[in-house]
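Counting begins at 1 with the first residue of the sequence.
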Amino acid sequence: QVQLVESGGGLVQAGGSLTLSCEASGRSFSRSAVGWFRQAPGKEREFVSMITWAGITTVYADSVKGRFTISRDNAKNMMYMQMNSLKPEDTAVYYCAAGQIPTQLERLYDYWGQGTQVTVSS
């Protein structure tokens, strides 16, 4: 069992930066792939980024590639996403998720946080 809590969201101007954090509890976190997803108002939740359990492989959605960086610290049970050059279209609730399979597919993640709001003003 893994419990996830996101933090770090907020209001930022376009071009600014934010760092999201995801704190995990549970023995299996260090062996889990983790990912970030987001859901904008009126839209379905979408994949943003993913990192494998050892942190060797990362995958990003095309819309954030080159601007967002995912990382993890298994010793601290933490996962992060540094978001730079933010755009108004990045406005969404951001969720961290954990699962056994490193994937972009939302349905294959077993555990989810409650989400943190990111708002980017133009």
Is there a donor-acceptor pair closer than 3.5 Å between any side-chain N or O of Glu6 and the backbone N or O of Cys22?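 Answer holds: no.
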With a 3.5 Å distance limit and no angle check, can you tell me whether Asn74 reaches the backbone of Trp53 through a side-chain donor-acceptor pair?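 Side chain of Asn74 to backbone of Trp53, a donor-acceptor pair under 3.5 Å: yes, one is there.
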Determine whether [X] and [Y] make a side-chain contact, defined as any pair of heavy atoms from C-beta on separated by less than 4.5 Å.
| X | Y | answer |
| --- | --- | --- |
| Val34 | Arg72 | yes |
| Lys87 | Arg67 | yes |
| Arg38 | Asp90 | yes |
| Tyr60 | Val48 | no |

To which residues is Val93 joined in a hydrophobic cluster, defined by side-chain heavy-atom contacts under 4.5 Å among Ile, Leu, Val, Met, Phe, Trp and Tyr, whether direct or through other members?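 Phe37, Phe47, Met50, Val59, Tyr95, Tyr109, Trp112, which link up through side-chain heavy atoms under 4.5 Å apart, make up the rest of the cluster.
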Other ILVMFWY residues reachable from Tyr80 by side-chain steps of under 4.5 Å: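 Same cluster as Tyr80: Met78.
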Around atom NZ of Lys43, are there more than 12 heavy atoms of other residues, nucleotides or ligands at under 6.0 Å?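 12 or below, so no.
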Roughly how far apart are Lys65 NZ and Ser49 OG, rounded to 0.5 Å?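 Rounded to the nearest 0.5 Å, the NZ-OG separation comes out at 11.5 Å.
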Using the test salt bridge (Lys or Arg N to Asp or Glu O under 4.0 Å), find all partners of Glu23 that sit at least two apart in sequence or belong to another chain.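 Checked Glu23 against salt bridge (Lys or Arg N to Asp or Glu O under 4.0 Å); zero matches.
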Polar side chain donor-acceptor pair, Gln82 to Thr19, under 3.5 angstrom: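 Yes.
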